[in-house]
Amino acid sequence: MRIGIVGTGSMADALGGQWARAGHDVLVGGRDAGRSAALGERIGGRAGSLRDAAEHGTDAVLLAVPYAAVAGVVSGLADALEGRTLVDCTNPVAPGFVLETRGGPSAAERIAIAAPGTHVVKAFNLCHESVWRLTPPVFDGRPLAVPLCGDDALALDTVQRLVRDLGCEPLNGGGLERAALLEATAAFLIGLWVGEGADAQAIVPPVEYAEGR
C-alpha cells in the first residue's frame, strides 16, 4: 500500500517503520525537511513535505502530529486529503489527564470536520509509541488488540490490514461518533499508568466474567 505519514515524531517513526518493513511504500512528511529526510532514511521509506505525504497516501494517511497542531495541519491539507483514509492516532489529553475536547466533538470528529472529504478512522491511540516498536506486540501469548472507530467500510478494512501488519488484532469499536469514548479511555488509562503507576490492565476481567456467564 501507499502510505503517507503526516508528522515526524515518535508515532510516525514507530508505525511508519513497521509498515515500511512490512513492504509498504511509505513517505513521511513534516515541516522540517532535514528531520523528514532523516526519518525517511531511518525507517526505509521516503521523505517530503506535509503535502507530499498527504498526496502520497492513496491507500492511507497517518496523522501523527501533536493534537495542538491538528486543526491547522488538517485544514491546510484538506484538498490533498480528499477521498483518503485518514488514520487519527492523536490523544487530546491535557494536564491532569483530562480531555481537551471535553464537552464537544471528539478529536477524530473535529478532524473529519476540518477535512470533510476524508474517511477518518480512530486507531493506535491507546498505547505508548514503544509498544508499536515491538515485533510483534504480544503479551503473555496474546496479540495486542487495537480498537478502531470509523464510518467508512473500505477505510476500516484498510486500517484493519495495517493493524494485522503489526502482528495485532483489530477490534470493531463502532462508528466515528464512538471515537470520543476511545479518546476518553486513553485519557483515563494514561492517568492510571503515568499518574498512579498502576497496572491498568488489571481493571478488566476476562470476557466470560464481563458477560456475566
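In this text the structure is predicted, and so the values were computed from the model without any measurement.
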Inset, instruction - Could you check if a side-chain atom of Val131 sits within less than 4.5 angstrom of a side-chain atom of Phe139, using non-hydrogen atoms only? - result: yes
Legend entry - Shortest non-hydrogen contact between Leu99 and Ala187, atoms and distance: CD2-CB, 4.0 Å
Inset, instruction - Output yes when a side-chain donor or acceptor of His128 lies under 3.5 Å from a complementary backbone atom of Ser130, and no otherwise. - result: yes
Legend entry - Any donor-acceptor N/O pair, Glu109 side chain to Ser106 backbone, under 3.5 Å: yes
Inset, instruction - Would you sort out whether Gln160 and Asn172 count as a side-chain contact (heavy atoms from CB on, under 4.5 Å), showing the intermediate values? - result: CA-CA 9 Å; Gln160 287 170 3; Asn172 176 16; 5.9 Å; no
Legend entry - Spacing of Gln18 atom CD and Leu162 atom CG [to the nearest 0.5 Å]: 12.0 Å
Inset, instruction - Would you kindly confirm whether Val73 and Val61 end up in one hydrophobic cluster when ILVMFWY residues are joined by side chain heavy atoms under 4.5 Å apart? - result: yes
Legend entry - Minimal non-hydrogen separation, Gly167 against Pro136, with atom names: CA-CB, 3.9 Å
Inset, instruction - Please report the C-alpha distance between Leu77 and Glu55 in whole Å, then the side-chain angles of each, then the deciding distance to 0.1 Å, and finally whether the side-chain contact (heavy atoms from CB on, under 4.5 Å) criterion is met. - result: CA-CA 9 Å; Leu77 297 174; Glu55 293 175 346; over 6 Å; no
Legend entry - Connected via hydrophobic side-chain network under 4.5 Å: Val146 and Leu182: no
Inset, instruction - In sequence, state the C-alpha distance, the side-chain angles, and the governing distance for Asn125 and Lys122, and then conclude on side-chain contact (heavy atoms from CB on, under 4.5 Å). - result: CA-CA 8 Å; Asn125 70 307; Lys122 189 78 186 188; 3.9 Å; yes
Inset, instruction - Check whether any side-chain heavy atom of Arg161 lies under 4.5 Å from a side-chain heavy atom of Met1, and answer yes or no. - result: yes
Inset, instruction - Give a yes or no on whether Gln201 atom CD has more than 12 heavy-atom contacts from other residues, nucleotides or ligands under 6.0 Å away. - result: no
Inset, instruction - For residues Tyr67 and Arg110, determine if any side-chain heavy atom of one lies less than 4.5 Å from a side-chain heavy atom of the other. - result: yes
Inset, instruction - Identify whether the distance between the nearest side-chain nitrogen and carboxylate oxygen of Arg84 and Asp59 falls below 4.0 Å. - result: no
Inset, instruction - Check Ala12 against Ile5 and note the closest heavy-atom contact, atom names and distance. - result: CB-CG2, 3.4 Å
Inset, instruction - Report yes or no: do Leu86 and Val65 belong to one cluster of Ile/Leu/Val/Met/Phe/Trp/Tyr joined by side chain heavy-atom distances under 4.5 Å? - result: yes
Inset, instruction - Look at atom CZ of Phe97 and say whether more than 12 heavy atoms of other residues, nucleotides or ligands are closer to it than 6.0 Å. - result: yes
Legend entry - Min side-chain heavy-atom separation Val159-Thr85 under 4.5 Å: yes
Inset, instruction - Treating Ile, Leu, Val, Met, Phe, Trp and Tyr as nodes and any side-chain heavy-atom pair under 4.5 angstrom as an edge, say whether Leu166 and Met11 lie in one connected cluster. - result: yes
Legend entry - pair Arg133-Ser10: side-chain heavy atoms closer than 4.5 Å: yes
Legend entry - Side chain to side chain, Leu171 and Leu148, heavy atoms closer than 4.5 Å: no
Legend entry - Joint hydrophobic cluster, Ile43 plus Leu27, side-chain heavy atoms closer than 4.5 Å: no
Legend entry - side-chain contact (heavy atoms from CB on, under 4.5 Å) evaluation trace for Asp13 with Arg42: CA-CA 8 Å; Asp13 189 340; Arg42 184 163 65 251; 3.0 Å; yes
Inset, instruction - Report yes if the side chains of Cys149 and Val121 come closer than 4.5 Å at any heavy-atom pair, otherwise no. - result: no
Inset, instruction - Give, for atom CD1 of Ile3 and atom NE2 of His56, the distance between the pair rounded to the nearest 0.5 Å. - result: 8.0 Å
Inset, instruction - Taking atom types as modelled, find out whether Ser49 and Asp52 have a side-chain donor-acceptor pair closer than 3.5 angstrom. - result: yes
Legend entry - Phe124 side, atom CZ; Asp88 side, atom CG - distance, nearest 0.5 Å: 11.5 Å
Inset, instruction - Give a yes or no answer on whether the side chain of Arg51 reaches the backbone of Gly76 with a donor-acceptor pair at less than 3.5 Å. - result: yes
Inset, instruction - Find the distance between SG (Cys168) and CZ (Arg142) and round it off to the nearest 0.5 Å. - result: 12.0 Å
Legend entry - Atom pair CG/CG of Leu144 and Leu134 - distance to nearest 0.5 Å: 9.0 Å
Legend entry - Glu100 to Val93 - nearest heavy-atom pair and separation: OE2-O, 3.7 Å
Legend entry - Heavy-atom closest pair, residues Glu82 and Thr118: N-CG2, 4.4 Å
Legend entry - Rounded distance [0.5 Å steps], CD1 in Ile111 versus CG in Leu63: 5.0 Å
Inset, instruction - For the residue pair Val87 and His119, establish whether any side-chain heavy-atom pair is separated by less than 4.5 Å. - result: no
Inset, instruction - Please report the shortest heavy-atom distance between Gly7 and Leu39, naming the atom on each side. - result: O-CD2, 4.4 Å
Inset, instruction - Salt-bridge test for Arg178 and Asp151: reply yes if a basic N is under 4.0 Å from a carboxylate O, no otherwise. - result: no
Inset, instruction - Would you indicate whether Arg31, at its atom CZ, is surrounded by more than 12 heavy atoms from other residues, nucleotides or ligands within a distance under 6.0 Å? - result: no
